[in-house]
Amino acid sequence: MTETPASEAQFLRRNAVDALPEGALERQLAEGRPLRIKLGIDPTTADIHLGHTVVLRKLREFQERGHHVVLIIGDYTARVGDPSGRSSTRPQVDPREIDANAETYVSQAFKALDESRTEVRRNSEWLDMPMEELFRLARLATVAQILERDDFSKRWSAREPISILELLYPLLQAYDSVAVRADVELGGTDQKFNLLLGRDIQQAYGQKPQSILTMPILPGIDGVQKMSKSLGNYVGVTEPPEEQFGKLMRVPDATMPVYYELLLDEPFDPARPAVESKRALARSLVARYHGEEAARAAEAHFDRLHVERGMPDEIDEAPLPAGETVHLPALIASAFGVSSSEARRLLAQGGVRLDGERLDGADLDLPADRLDGAVLQIGKRRFKRFRRSADVS
RNA sequence: GGGGGGAUGCCCGAGUGGUUAAAGGGGACGGGCUGUAAACCCGUUGGCUCUGCCUACGCAGGUUCGAAUCCUGCUCCCCCCA
């Protein structure tokens with residue numbers, strides 16, 4: 001590949017929202033050495049979802065051009081909680097949970113990254129610093145500077161609480177750049193302020209400032225808010241294939257082009273029927289994380305459930321309690337993990353089917369014989385097959 | 001240090017003594033519609049051994065026939081002045 005720095009820079013900043021300062025990346029590439037590309041992830045939740053992969057895929061592109069990725073697990077910053085884009089203080093996360101999450105993050109990140117060109121660091125390595133060192137860092141920015149940040153200024157003018165710890169967060173992230181001597185830092189657009197602050201802090205520590213690249217935020221499957229675990233509109237990379245497929249089919253048609261652009265290599269074709277495009281999207285993403293085989297199976301599963309309105313071929317089994325008759329609310333409650341009041345409501349609303357046949361909400365008790373070996377269905381997607389306990393035979 | 005305001009169901013948010021399990025909205029769930037979706041329409045949304053019972057409006061007490069609503073104490077939060 002004979003790329004000039006200019007063409008390489010142009011390729012690498014494709015899809016990015018900002019590449020700052022203007023021309024900086026190209027100048028760095030012109031130095032002809034492998035660059036250190038930094039990405040920080042705070043392991044506040046257990047799973048990496050498609051939203052994270054937008055940035056990870058960009059990192060991968062850097063790796064494919066011989067650059068070196070420094071993946072920072074923010075085990076220490078996770079304790080602070082990134083206020084970016086937040087309208088309120090984050091809840092505290094249990095340190096043990098952070099550790100557990102950190103483990104899974106790394107393995108999940110390698111679904112997108114080239115392990116041989118990745119250096120994984122935890123920022124507790126350097127952020128667990130003496131107070132004196134923190135003083136030195138804290139002197140480098142003023143409250144006014146930090147309050148410049150959009151989300152802070154909103155909270156400030158709305159008179160909402162901002163803790164001093166939160167104010168410190170951008171500085172800690174910036175210090176990560178110093179610690180790993182980053183040449184480039186990637187992040188979502190909501191990270192722009194933090195990334196830029198990294199430049200100032202690096203210079204204060206006598207380093208060359210990093211350049212920054214911000215990627216668009218992937219909308220969640222509701223098509224409205226950003227994809228995030230806490231909003232429940234995410235698709236996790238380790239979720240089961242059928243789950244991923246189903247969720248992706250729920251993405252609003254209007255949001256699909258963005259998914260194509262940010263997650264796939266093939267372009268979105270507006271002339272193609274929406275269903276087909278969406279299927280292709282779901283198929284290729286499931287295949288990426290689970291393989292072609294699983295993707296085909298997931299699609300077949302989806303067709304059976306939603307197109308033919310049938311049942312999946314594998315259904316979890318649950319034991320049938322002893323007795324001649326079975327009290328449905330109790331059975332549904334224990335088998336599906338809902339409250340028995342909710343089970344009653346579902347029955348009353350016609351949301352429960354037995355072997356595909358809708359149950360009349362008035363029948364709360366059924367003979368056990370009718371349930372043995374039968375499949376109970378709640379809504380469109382939840383199934384359980386009942387069997388009399390083995391001790392009968 | 002002084003003064004003021006607040007804490008309501010998954011979330012936001014009304015309600016200031018009596019059909020209040022608590023308006024309204026969001027979300028979620030179920031049904032309908034549909035080429036997946038979205039939009040739209042209808043319904044549900046504390047629990048239970050469910051035509052009734054129990055628990056609930058920050059926590060603990062009190063007043064009252066009766067309190068989320070009044071009183072006392074406590075905890076937490078916000079704002080203003082210093």
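These numbers come from a predicted model, not from an experiment. Numbered from 1 within each chain, the chains take letters A, B, ... in sequence-line order.
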Worksheet entry | rG9(B) to rG47(B) separation - P atoms, rounded to the nearest Å | 15 Å
Fill in: Atom pair distance, as rounded to whole Å: NZ in Lys247(A) and P in rA37(B)
15 Å
Worksheet item: Is it true that Leu218(A) and Leu213(A) fall in one hydrophobic cluster, defined by side-chain heavy atoms closer than 4.5 Å?
Response: yes
Practice prompt. Write down the distance separating the P atoms in rA14(B) and rU8(B), rounded off to the nearest Å.
Written response: 11 Å
Discussion item. Looking at Glu132(A), I'd like to know if its CD atom is crowded, meaning that more than 12 non-hydrogen atoms belonging to other residues, nucleotides or ligands lie closer than 6.0 Å.
Written reply: no
Worksheet item: For rA37(B), does either OP1 or OP2 sit under 4.0 Å from a side-chain N or O belonging to Thr255(A)?
Response: no
Worksheet item: With rounding to whole Å, what would you report as the distance between rC33(B) and rG43(B) at their C1' atoms?
Response: 15 Å
Worksheet item: Is the ring centre of Phe152(A) less than 6.0 Å from the ring centre of Phe193(A)?
Response: no
Item to complete: Could you work out the separation of rG25(B) and rC77(B) based on their P atoms and round it to a whole Å?
Response: 33 Å
Worksheet item: Where do Glu26(A) and Gln10(A) land on the side-chain hydrogen bond (donor to acceptor under 3.5 Å, both in side chains) test, with the steps shown first?
Response: CA-CA 8 Å; Glu26(A) 183 180 337; Gln10(A) 192 185 3; over 6 Å; no
Fill in: Length of the line joining Phe302(A):CZ and rU34(B):C1', which is rounded to integer Å
12 Å
Fill in: Spacing of the C1' atoms in rC10(B) and rG62(B) (rounded, Å)
33 Å
Item to complete: Name the orientation class of the two ring planes belonging to Phe245(A) and Phe302(A) (parallel below 30°, tilted from 30 to 60°, perpendicular beyond 60°).
Response: tilted
Fill in: Contacts of Asp75(A) that satisfy side chain to side chain donor-acceptor pair (under 3.5 Å) - sequence neighbours left out
Ser124(A)
Worksheet item: Any Lys/Arg nitrogen of Arg13(A) or Glu22(A) sitting under 4.0 Å from an Asp/Glu carboxylate oxygen of the other?
Response: yes
Worksheet item: Which residues pass the side chain to side chain donor-acceptor pair (under 3.5 Å) test with Arg36(A), sequence neighbours left out?
Response: Glu119(A)
Fill in: Protein-nucleotide distance (Leu231(A), atom CG; rC11(B), atom C1'), rounded to Å
11 Å
Between side-chain atoms of residues 134-143 of chain A and protein atoms elsewhere (two or more places apart, or another chain), which donor-acceptor pairs fall under 3.5 Å?
unit_1	atom_1	unit_2	atom_2	d
Thr142(A)	OG1	Gln145(A)	N	3.1

I'd like a table of donor-acceptor pairs (distance under 3.5 Å, sequence neighbours excluded) in which one partner is a side-chain atom from residues 246-259 of chain A, with atom names and distances.
unit_1	atom_1	unit_2	atom_2	d
Lys247(A)	NZ	Tyr234(A)	O	3.0
Lys247(A)	NZ	Glu239(A)	OE1	2.9
Lys247(A)	NZ	Glu239(A)	OE2	3.2
Asp253(A)	OD1	Lys278(A)	NZ	2.6
Tyr259(A)	OH	Pro219(A)	O	2.8
Tyr259(A)	OH	Gly220(A)	O	3.4

Item to complete: Using whole Å, report how far CG of Leu248(A) lies from C1' of rA37(B).
Response: 12 Å
Worksheet, complete the sentence: Stems with RNA chain B, 3 or more Watson-Crick or G-U pairs in a row (under 3.5 Å), are B:1-7 with B:75-81, B:10-12 with B:24-26, B:27-32 with B:40-45, B:46-48 with B:52-54, B:58-62 with B:70-74
Worksheet item: Has His306(A) got a side-chain N or O lying under 4.0 Å from the OP1 or OP2 atom of rA37(B)?
Response: yes
Response to the item:
Heavy atoms of Ala295(A) and Ala287(A) approach each other most closely as CB-N, 3.7 Å
Discussion item. Can you build the contact string for nucleotides 27-33 of chain B? Use B for base contact, S for sugar-phosphate-only contact, and - for no protein heavy atom under 4.0 Å.
Written reply: --SBSS-
Response to the item:
The residue, His327(A) or Asp253(A), whose nearest nucleotide of RNA chain B is more 5′ is Asp253(A)
Discussion item. Rounded to whole Å, how long is the line connecting atom CG of Leu305(A) with atom P of rU36(B)?
Written reply: 13 Å
Discussion item. For the P atoms, the ones on rC80(B) and on rC12(B), what distance do you get once it is rounded to whole angstrom?
Written reply: 22 Å
Practice prompt. Could you work out the separation of rG4(B) and rC53(B) based on their C1' atoms and round it to a whole Å?
Written response: 44 Å
Worksheet, complete the sentence: To the nearest angstrom, the CZ-C1' distance between Arg345(A) and rU44(B) comes to 7 Å
Discussion item. Enumerate the salt bridge (Lys or Arg N to Asp or Glu O under 4.0 Å) contacts for residues 336-354 of chain A, please, sequence neighbours excluded, ordered by first and then second residue.
Written reply: none
Item to complete: Heavy atoms under 4.0 Å is the rule here; annotate nucleotides 77-82 of chain B 5' to 3' with B where the base is hit, S where only the sugar-phosphate is, and - elsewhere.
Response: -SSS--
Discussion item. Show every salt bridge (Lys or Arg N to Asp or Glu O under 4.0 Å) that has at least one partner inside residues 192-202 of chain A, sequence neighbours left out.
Written reply: Asp18(A)-Lys192(A)
Worksheet item: Could you give all pairs that pass the salt bridge (Lys or Arg N to Asp or Glu O under 4.0 Å) test and reach residues 316-341 of chain A, with sequence neighbours left out?
Response: Glu317(A)-Arg387(A)
Item to complete: Report yes or no: do Ile73(A) and Leu127(A) belong to one cluster of Ile/Leu/Val/Met/Phe/Trp/Tyr joined by side chain heavy-atom distances under 4.5 Å?
Response: no
Worksheet item: Expressed in whole Å, how much space separates the P atoms belonging to rA39(B) and rA28(B)?
Response: 10 Å
Worksheet item: Are Asp99(A) and Arg122(A) within salt-bridge range, i.e. N to O under 4.0 Å?
Response: yes
Fill in: Short N-O contact, Arg370(A) and Asp355(A), less than 4.0 angstrom
no
Worksheet, complete the sentence: Within residues 267-289 of chain A, the residues having a heavy atom closer than 4.0 Å to RNA chain B are Pro273(A), Ala274(A), Val275(A), Lys278(A)
Worksheet item: Is any side-chain nitrogen or oxygen of Ser340(A) closer than 4.0 Å to OP1 or OP2 of rG47(B)?
Response: no
Item to complete: Please list residues of residues 328-336 of chain A whose heavy atoms come under 4.0 Å from any atom in RNA chain B, ordered by number; otherwise none.
Response: none
